[in-house]
J.: 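I have a structure here, written as structure tokens, and I will follow up with some questions on it.
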Amino acid sequence: MDESGRRRQQWRNHPSSSASASPSTGPTRFRSQQYSSNPTKTTQSSNFVPRSTTTTGTTPHNTRNPGYVPRWKSVSNANNQQEGETEAGEEVGSIVGTCPFMCPEGERAQRERLRDLAIFERLNGDPRKTSPALAVKKFCRTISLKYVQASDVRPLSVLEDTLNYLLNLLDSSEYPFEVVHDFIFDRTRSIRQDLGMQNIVNDRAICMYEKMVKFHIVSHHRLQNCGSSSISSLQYLNMEQLMKTLASLYTLYEANHSSNSIYENEAEFRSFHVLLHLDSKSQQREESLSFWFRRVPSLVMKSNEMHFARQVLRFYRMGIYRSFLCTVSAEASYLQYCIIEPYVNEVRALAVSYINNCCYKLHPYPLEDLSKLLMMKESDMESFCHACGLKTLSDDGGNKLLPTKQTTFCNPKGSFQSYSILGLQQYERQTTA
């Protein structure tokens, strides 16, 4: 029998040995490599396994234990890794800060040498001198937790005092608001960084986050009235940090919820998320808002604040301008109004376009009636019509009128001048104070 005949005979005698070995080995090896190399799963397991194997006496529900990394923290890690931003507070682990000052001594001395002192930190205006009562720790984007010393991190009590000191600067009239905002903007990020490095998730941290959200909302409103050339970038960055701070606040709410109860300010602060979606036109944002509603506690959904926000959203999207203005005037809180105010004049412009297009040409519309309909002063109403490209006239009795069917209507290329809603002037004064 030749060589080929012997091989065929061997295969007939042992058909399973060679046939089962090769097909099972290759695909099995391929599948194991495919699923074990998933980067998302690897990242999640590295976040939890080391801490669970080295920490004793902790349970998954003990979010206040320094050795435990809560679920909201790991979610924050994943989100920030996707953004490509590495902050010390986003790393796994915790540290207990011991720095007694608003700024660590080492950083303070280094910034004095480099003349890296903000105008609010300079002692007697000297860019080379500061003091513990003036210097505030700067935000650092790329520090690593394993290289941070406890003496460089401020404990909770110091962070609370630092935040109160910073927010008191909002009342300063010595410098333009954009200068004040820029300083507080950076230093509050540093506060959040120190809170994250220490895994502080208690009620006091929630109170601090609420204050920082309020700062960003007030800044969102006040920056619109600034005339600096860099305002658009400041507004974008402020809105970005507002959304991040709100997201962190919501996860803190969820981590500290007890059964059948919510925090005192939670309903109002959750309503901000809805109001910030007023100008959302894309379907993706719409779907994200619908999904977000499913995760909101039922007590919040039943609250007056959330009912108000959902009504305002519906009236704005449907163009029901009278109901929109009346609801805002009657129910908006100060912070809610700061978010809504930029959209008020958009709704008014929509109403003016309706009246201009639909009313009878031979009967001009009295500005007095239009100003009452849109809840603004008659003098402001005339200025508003001019901003929309429409002409006004006066009758024999001196009454101001808006001729209709004008073809020159347009929305201003820039933003509208600020026109307050009648009944909410106190909010305007509070915002510009």
Side-chain angles (χ1 to χ4, degrees), residues 177-178 219-236 239 275-276 278-281 312 315-329 332 336-395 397-432:
F177 178 74
E178 53 265 37
S219 296
H220 170 72
H221 187 270
R222 294 184 64 174
L223 285 172
Q224 298 176 49
N225 300 321
C226 298
S228 173
S229 58
S230 61
I231 286 302
S232 59
S233 61
L234 290 178
Q235 288 177 319
Y236 174 82
M239 179 59 67
L275 298 177
L276 288 168
L278 281 179
D279 63 345
S280 172
K281 298 294 193 299
V312 167
F315 294 149
Y316 178 84
R317 298 283 177 81
M318 298 179 67
I320 309 175
Y321 57 87
R322 181 61 180 173
S323 297
F324 176 90
L325 295 172
C326 289
T327 302
V328 171
S329 176
Q336 288 172 332
Y337 178 75
C338 286
I339 298 175
I340 296 170
E341 196 268 344
Y343 307 106
V344 169
N345 287 328
E346 290 184 22
V347 172
R348 286 170 168 162
L350 180 66
V352 170
S353 70
Y354 287 165
I355 292 170
N356 177 62
N357 293 328
C358 299
C359 289
Y360 191 47
K361 184 175 182 179
L362 298 179
H363 293 168
Y365 205 96
L367 284 189
E368 181 180 3
D369 295 344
L370 186 57
S371 64
K372 292 178 180 178
L373 182 67
L374 302 185
M375 305 183 71
M376 58 195 305
K377 298 177 182 178
E378 186 174 349
S379 58
D380 289 342
M381 189 71 254
E382 183 177 15
S383 174
F384 186 84
C385 290
H386 294 164
C388 293
L390 301 177
K391 297 180 180 179
T392 59
L393 53 83
S394 301
D395 61 11
N399 299 311
K400 297 288 185 179
L401 304 172
L402 173 66
T404 57
K405 304 297 184 184
Q406 298 185 52
T407 59
T408 56
F409 175 85
C410 63
N411 285 311
K413 294 182 179 179
S415 59
F416 281 101
Q417 177 184 339
S418 179
Y419 301 101
S420 63
I421 298 180
L422 292 179
L424 291 180
Q425 293 91 337
Q426 74 277 13
Y427 286 169
E428 291 291 330
R429 289 193 296 270
Q430 187 174 353
T431 302
T432 57

J.: Considering only residues two or more places apart or on different chains, which pairs with a residue in residues 380-394 satisfy salt bridge (Lys or Arg N to Asp or Glu O under 4.0 Å)?
T.: E382-K400
J.: Under 3.5 Å, is there a donor-acceptor pair between the side chain of N345 and the main chain of R348?
T.: no
J.: Looking at NE2 of H220 and CD of Q235, how far apart are the two atoms once the value is rounded to the nearest 0.5 Å?
T.: 7.5 Å
J.: Within a strict 4.5 Å, meaning less than it, do heavy atoms of the T404 and P364 side chains meet?
T.: no
J.: So, taking the atom named SG in C326 and the one named CD1 in I320, what distance separates them when rounded to the nearest 0.5 Å?
T.: 12.0 Å
J.: A side-chain contact here means heavy atoms from C-beta on lying under 4.5 Å apart; do I231 and L234 qualify?
T.: yes
J.: Applying the side chain to side chain contact (heavy atoms under 4.5 Å, CB included) test to V352, which of N357, L374, L373 qualifies?
T.: L374
J.: Looking at SG of C388 and CD of Q406, how far apart are the two atoms once the value is rounded to the nearest 0.5 Å?
T.: 10.5 Å
J.: Just list the side-chain donor-acceptor pairs under 3.5 Å for residues 365-372, sequence neighbours left out, or say none.
T.:
from, atom 1, to, atom 2, distance (Å)
S371, OG, L367, O, 3.2
S371, OG, E368, O, 2.7

J.: Side chains of L276 and M239, heavy atoms from C-beta outward: is any pair under 4.5 Å?
T.: yes
J.: Quick one: are L350 and Y321 in side-chain contact, heavy atoms under 4.5 Å?
T.: no
J.: So, taking the atom named OG in S379 and the one named CZ in F384, what distance separates them when rounded to the nearest 0.5 Å?
T.: 13.5 Å
J.: Tell me, do L325 and F315 make a side-chain contact under 4.5 Å, heavy atoms counted?
T.: no
J.: Give, for atom CD1 of I355 and atom CG of L402, the distance between the pair rounded to the nearest 0.5 Å.
T.: 7.5 Å
J.: Quick check: closest heavy atoms across T392 and C385, and the distance to 0.1 Å?
T.: CG2-CB, 4.1 Å
J.: Test your reading of the model: is there a side-chain donor-acceptor pair from R222 to the backbone of F177, 3.5 Å cut-off?
T.: no
J.: Quick one: closest heavy-atom pair of T408 and G389, and the distance?
T.: OG1-O, 2.6 Å
J.: Classify the ring geometry between Y343 and Y316 as parallel (under 30°), tilted (30 to 60°) or perpendicular (over 60°).
T.: perpendicular
J.: To the nearest 0.5 Å, what is the distance between NE2 (H386) and CG (L390)?
T.: 8.5 Å
J.: Which residues satisfy the side chain to side chain donor-acceptor pair (under 3.5 Å) test with S383, sequence neighbours excluded?
T.: Y419
